Amino acid sequence: MTRIARTVIESEVYVGLNPCGCGAGTPPGPSAATAPDGRPMLWHDGPCPQCAKPWPAPFGLPLDVPRFGTTWDTFFGGPGPSTLLDPGEWLLVEKQLASGSIPARNADAATITEFRSMITMATAAINETLRFITDPSQYGLVTVDDCWTGRGRAELTARYRGYTWRRRLEAFREGLSGSLMEFGGGLFENVPITGALTLTGPGPGDDASMNRMVATGRRLMR
Ligand SMILES: [Zn+2]
């Protein structure tokens, strides 16, 4: 799979998660290239600028991508799922971003702005895990089989025993964004992030999806 960033911020998260073994966190300077869909892009690949070993995580950055999207549906890009981070890695990103404490009501403006920025990214990261779920019902699943990295599989296993479903992730996101809404809502680089974070169901349920979820759970927990 050719790894193509959907936004600049997605490429930054990817680079942050994939430094060179020598510790270098800056990828090799780009060369001009063309994305599979024909868009001109910058291709970051080649020897590490610090140790000259091959860069571990090459990726393309199309010239027309925005720095970040200003809605919940587009923050890290879209409409399809990421080709840079797998669904478990997005959970890992969420965990890293949301590890701080909730500021006091009377905290200074800079502290609150920093909190809103971190939780905005964390909330959008959960949306990225959700994007890997193809079944639109509340029981639509994401499993370790959807992950292509060991650390993605490890995170999904540690947090959810290897699989989780749409409604459960949405409920988690509800809790995360609830604290954000108390401080004025999504905000990133002084731009408000708009749009809805909706919950699917719980409705009467879809038996086929429910049965699939139970079967997957049994298989993965064996
Ligand atoms: Zn290196």
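Remember, it's a predicted structure, so these values are computed and weren't measured experimentally. Note that ligands are numbered from 1 as they come in the structure, with each ligand's atoms numbered from 1 the same way. Sequence positions, counted from 1, serve as the residue numbers for this chain.
For the ring pair (Phe, Tyr, Trp, His ring centres under 6.0 Å) condition, the pairs that include at least one residue of residues 109-128, sequence neighbours left out, are Phe115-Phe183.
Cation-pi geometry between Arg168 and Tyr139 is not satisfied (NZ or CZ under 6.0 Å from the ring centre, within 45° of the ring normal).
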Residues 76-84, side-chain donor-acceptor partners within the protein, below 3.5 Å, at least two apart:
{"residue": "Ser82", "atom": "OG", "partner": "Glu10", "partner atom": "OE2", "Å": "2.5"}
{"residue": "Ser82", "atom": "OG", "partner": "Leu84", "partner atom": "N", "Å": "3.0"}
{"residue": "Ser82", "atom": "OG", "partner": "Leu85", "partner atom": "N", "Å": "3.1"}
{"residue": "Thr83", "atom": "OG1", "partner": "Ile4", "partner atom": "N", "Å": "3.0"}
{"residue": "Thr83", "atom": "OG1", "partner": "Ile4", "partner atom": "O", "Å": "3.2"}

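The pair Arg159-Glu94 meets the salt-bridge criterion, since a charged nitrogen lies less than 4.0 angstrom from a carboxylate oxygen.
Shown are the protein N/O/S atoms under 2.8 Å from the Zn ion (ligand 1), given by residue and atom: Cys20 SG, Cys22 SG, Cys48 SG, Cys51 SG.
The ring pair (Phe, Tyr, Trp, His ring centres under 6.0 Å) check on Tyr160 picks up nothing, with sequence neighbours excluded.
Around CG of Leu199, the count of heavy atoms belonging to other residues, nucleotides or ligands within 6.0 Å exceeds 12.
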